[in-house]
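Both ligands and their constituent atoms are indexed starting at 1 by order of listing.
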Amino acid sequence: MAKIIGRPAPANMPWQDKPAGYDKPVWRYTENPIIPRDAIPTSNSIFNSAVVPFGDAYAGVFRCDNRGVEMDIFAGFSEDGIHWNINHDPIVFEGEKDVIRKEYRYDPRVCLIDGKYYITWCNGYHGPTIGIAWTEDFKTFHQLENAFLPYNRNGVLFPRKIGGNFAMVSRPSDTGHTPFGDIFYSESPDLCYWGKHRWVFGTAGGWQSKKVGPGPTPIETDEGWLMIYHGVLNSCNGFVYRFGTALLDIDRPWIVKERGNFYVFGPEVEYELTGDVPNVTFPCATLTDPDTGRITIYYGAADTVTGLAFTTVDELMSYMRKYPMDVGDQENK
Ligand code: BMA
């Protein structure tokens, strides 16, 4: 089976074995949600957040909407990846005045590349676009130019350069709740100028028929980039957010080698089905263990709280292969 390529996992990576008799590829942490909506004094909701190993513990960037329901991102720290101390004030970025001006910030991702932690998020700049910053200590954050013109959401960096360039997948959008969405790939030599924009894939049937967008940092395996992505159904009662998997070519990630037809995870339990926005499960980060193939997923639930879920590279690959989608002629798409 596929092997995860990457740094060894922290010894205390959060994990629970699959419950006996459970027949789905991703299972929930029994103590979910790990972060309640009011974990800091001003928060209305804490969700769609990203964590990474940091030293011998963990750090993260959290989406906390305040009780004015204004969106911003906050740094946080944890010894075990489960219990978090989130700063009570949002991140203050250093950088050029035009760059650090703030309208709103949400849905952060964190990605370690060559010893620096890069944060990407949906950044308000006359509409949503992709903000980028880096930090080495999760105390001082240096903001770079926005990656793209508005409108775009879900900018997710690859954890290493591809063809000598930084690489990112994203979902071009509109100013509102965007009734469309495909995943595109882009490269940059310097994290300032982005190009080589390639279409990766678009919507398909059922659970992913309205829009699809990148989730956590793609996971490098010896068979390709394993991408966990969100898919959205437009039901008669609003959007439903689930997630599924695709395998991208390692050197040309716009080439889709495989894609699952079935979702791997979706809203099923109370804190996912009810909250500020019902029926949303939205993954923004994973921890991975190359030795065991374990994958721990951090996801936002109902735009209100943060949950943990578990799977393995074998579970995701075999489920994708059991229920595959025909990806067509990728060389002529
Ligand atoms: C998307 C983003 C996410 C949110 C989702 C469901 O467009 O705004 O932050 O989780 O909608 O409301």
Side-chain angles (χ1 to χ4, degrees), residues 32-37 43-51 60-66 68-74 90-91 102-110 119-125 127-131 148 150-156 169-184 202-203 207-217 228-244 263 265-269 271-285 297-309:
N32 268 355
I34 59 164
I35 303 175
R37 65 186 309 159
S43 60
N44 166 72
S45 44
I46 305 181
F47 60 107
N48 299 4
S49 300
V51 316
V61 178
F62 296 84
R63 170 177 177 175
C64 305
D65 294 5
N66 68 19
V69 194
E70 296 157 328
M71 306 175 284
D72 212 335
I73 56 178
F74 295 60
I91 292 172
K102 176 162 92 173
E103 289 176 19
Y104 51 80
R105 303 178 173 135
Y106 66 87
D107 292 2
R109 314 300 205 273
V110 185
I119 325 299
T120 53
W121 68 93
C122 178
N123 192 38
Y125 183 79
T129 185
I130 306 302
F148 307 121
Y151 311 111
N152 200 311
R153 291 184 172 99
N154 299 292
V156 175
V169 272
S170 70
R171 170 164 71 76
S173 70
D174 65 11
T175 52
H177 294 296
T178 319
F180 60 87
D182 290 3
I183 296 175
F184 286 81
T203 54
W207 69 275
Q208 49 185 331
S209 51
K210 181 51 67 177
K211 47 185 167 176
V212 289
T217 301
I228 298 172
Y229 67 95
H230 64 261
V232 182
L233 166 79
N234 192 13
S235 78
C236 61
N237 205 25
F239 288 161
V240 181
Y241 280 73
R242 299 182 173 92
F243 47 98
Y263 65 81
F265 194 86
E268 285 180 13
V269 298
Y271 55 87
E272 299 161 352
L273 297 167
T274 63
D276 283 8
V277 183
N279 303 317
V280 180
T281 53
F282 196 92
C284 288
I297 303 171
Y298 291 77
Y299 69 99
D303 283 12
T304 305
V305 296
T306 303
L308 265 188

From the list Tyr241, Tyr299, Tyr298, ring-ring contact (aromatic ring centres under 6.0 Å, His included) with Phe282 holds only for Tyr241

Out of Tyr106, Phe282, Tyr299, Phe239, the nearest non-hydrogen contact to atom 8 (O) of ligand 1 is supplied by Tyr106

Across all chains, not counting sequence neighbours, the side chain to side chain donor-acceptor pair (under 3.5 Å) partners of Tyr271 are Asn32

- Item | Thr306 side chain to Ile34 backbone, donor-acceptor under 3.5 Å | no

### Query
Within the structure, does Lys211 bring an N/O atom to less than 3.5 angstrom of an N/O atom in ligand 1?
no

Exercise. With side-chain hydrogen bond (donor to acceptor under 3.5 Å, both in side chains) as the test, would you mind laying out the steps for Asn48 and Asp107 before giving the verdict?
Key: CA-CA 5 Å; Asn48 299 4; Asp107 292 2; 3.1 Å; yes

Note to self: Pairs of nitrogen or oxygen atoms closer than 3.5 Å, one from Tyr241 and one from ligand 1: do any exist?
What the structure shows: yes

Counting heavy atoms under 4.0 Å, the part of His177 that contacts ligand 1 is neither

Backbone or side chain, does any N or O of Arg153 fall under 3.5 Å from an N or O of ligand 1? no

When Thr178, Thr129, Asn123 are each screened for side-chain contact (heavy atoms from CB on, under 4.5 Å) with Arg153, the one that passes is Thr178

Please say whether Asp303 places an N or O atom under 3.5 Å from an N or O atom belonging to ligand 1. yes

In this structure, atom 3 (C) of ligand 1 is nearest to the protein heavy atom Asp107 OD2, 3.2 Å

**Message:** Quick check on the 6.0 Å ring-centre criterion: do Phe243 and Phe265 meet it?
**Reply:** yes

